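Structure, as structure tokens:
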2 protein chains.
Amino acid sequence: MVDNVKTASDKVFVDIRQAIVEGVIPQGSKISEPELSKQHQVSRATLREALNRLESCHLIERKANVGSRVIALTEEKLRDIYQVRSSLEGLACRLAAENMTCDEIQEVKSLLNQHLNTQRVKQGESYYQEEGDLDFHYRIIKGSKNNHLINLLCNEMYQLVRMYRVQMGMNGPRVTKAFDEHLAIINAIEAGDGELAELLMKRHISASGKNIENKFKQD
Amino acid sequence: MVDNVKTASDKVFVDIRQAIVEGVIPQGSKISEPELSKQHQVSRATLREALNRLESCHLIERKANVGSRVIALTEEKLRDIYQVRSSLEGLACRLAAENMTCDEIQEVKSLLNQHLNTQRVKQGESYYQEEGDLDFHYRIIKGSKNNHLINLLCNEMYQLVRMYRVQMGMNGPRVTKAFDEHLAIINAIEAGDGELAELLMKRHISASGKNIENKFKQD
DNA sequence: AGCTATATATTTGTCGACAATCTGTTGACT
DNA sequence: AGTCAACAGATTGTCGACAAATATATAGCT
């Protein structure tokens with residue numbers, strides 16, 4: 001999770017992004033440019049550079065001459081995002097089945113074994129599972145060897161997905177299930193069965209989305 | 001194709017975008033901020049605002065402390081983009097079959113009839129067909145009622161796709177074929193057969209991509 | 001001659017100030 | 001009392017100038 005931070009606006013971007021994803025800056029709240037620029041000790045120009053990138057990640061919404069608001073988490077948006085994500089990661093999975101090398105596949109398999117162990121030790125602590133889950137998805141996406149797709153999922157959508165997961169919370173019973181699904185997916189990829197891998201990944205993500213949707217129903 | 005142009009940077013963004021898509025600013029060329037800002041008679045801050053949005057559309061690439069370059073059209077990128085587009089518009093089509101109203105469907109059908117007429121009159125002039133093609137795709141995408149998907153396809157990817165079509169050129173024989181495919185797609189949507197509509201749209205776009213790929217092979 | 005290192009020049013990143021626009025309030029009028 | 005209009009306050013959009021970084025040119029060395 002090491003971002004290439006070279007300029008001041010890079011750092012501000014990363015900092016604010018984390019604050020939004022973790023809910024430190026509440027969803028739906030208005031963003032004051034003068035206030036935030038003082039808070040991060042940069043000029044407004046630098047802050048606005050960061051805001052532009054946050055908009056590219058769909059974490060804030062801007063209106064001309066009005067200002068920026070942090071995105072509001074709604075059930076409709078969750079559905080929209082997960083429909084898109086399911087479709088795209090399904091594609092990534094199919095391409096991964098065609099393009100991943102044997103070495104890359106073996107790495108993912110050993111990664112899953114590590115998860116299994118930490119899961120036994122730290123039973124119930126969903127945080128680690130979440131990190132592991134994201135790592136797994138990262139590897140599959142990279143395995144597609146489709147740079148446009150990789151950028152779309154890993155840079156432009158990733159933090160938004162993470163925001164729902166962090167703020168809505170992941171609950172227990174799905175954790176072990178997700179692990180089995182990961183295993184089935186990498187097996188399909190190893191077998192070169194792109195069609196099956198795509199189907200399994202789409203189901204896996206749909207289930208994950210439904211899981212978060214249930215959190216909304218509880219309110 | 002009327003964009004909401006409210007600020008100076010909006011106008012500069014739209015102008016430069018068109019220049020890039022149409023090849024007035026050559027692909028792969030470096031962008032000089034001082035030069036462009038003078039050319040459009042705005043300050044560098046305003047220009048940079050526009051450049052940020054061009055980057056969001058994947059039309060330019062920026063490197064910290066180095067500068068911006070117009071994207072270079074390659075066969076590999078074309079493949080990557082069309083794989084993603086095929087998947088996403090396929091999804092849009094399936095959702096459209098579920099969510100489009102009867103009125104919306106009828107509008108698209110009458111739209112296609114208009115295309116058939118203009119096509120008879122202006123045979124061979126692919127420009128009109130291209131406009132019509134894009135209009136058709138627009139309507140289907142909007143019909144998905146998925147705002148995230150709509151934004152992704154209509155705002156973030158659309159001009160990039162158009163850049164390939166404009167600069168690589170669309171040739172004749174595929175034009176009438178595309179019309180028939182459009183007809184089959186809207187019929188599937190009208191019948192509420194999302195699965196078929198998705199399949200047909202994916203094929204339609206893949207064929208379109210292959211068509212442009214052939215242009216590359218000719219070099 | 002070719003390569004390295006220094007110095008110069010250009011470009012990008014950042015800053016503070018001004019102008020244009022919007023928001024909320026007050027006050028007048030029907 | 002309610003509606004509309006002008007005003008005040010604050011916010012965003014834009015500008016020109018300075019600082020930091022990179023690219024280019026020059027000079028020195030092997």
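Throughout, protein chains are lettered first and strands after them, A, B, ... in sequence-line order, and every chain is numbered starting at 1. Quick caveat, the model's predicted, so the values are computed rather than measured.
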- Item | Contact pattern, 5' to 3', of nucleotides 9-16 of chain D - B, S or - by protein heavy atom under 4.0 Å | --SBBBB-

- Query: Whole Å only: how far is the CZ atom of A:F13 from the C1' atom of C:dG13?
  - Reply: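 It works out to 17 Å between those atoms.
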
- Message: Would A:R17 pass as a cation-pi partner of A:F13, given that its NZ or CZ must be under 6.0 Å from the six-membered ring centre and within 45 degrees of the axis?
- Response: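 Yes, cation above the ring, under 6.0 Å and within 45°.
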
- Query: With sequence neighbours left out, what residues match A:K109 under side chain to side chain donor-acceptor pair (under 3.5 Å)?
  - Reply: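 With neighbours one apart ignored, the set is A:E190.
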
- Of A:H182, A:H115, A:H204, the residue whose pairing with A:F136 passes ring-ring contact (aromatic ring centres under 6.0 Å, His included):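 Per the ring-ring contact (aromatic ring centres under 6.0 Å, His included) rule, the option paired with A:F136 is A:H182, out of A:H182, A:H115, A:H204.
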
- Does any pair with a residue in residues 62-93 of chain B pass ring-ring contact (aromatic ring centres under 6.0 Å, His included), and if so which ones, sequence neighbours excluded?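 Matches after skipping sequence neighbours: none remain.
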
- Would you please say whether a donor-acceptor pair under 3.5 Å links the side chains of A:H137 and A:E89?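 Checked: A:H137/A:E89 side chains pair up, N/O donor to acceptor below 3.5 Å.
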
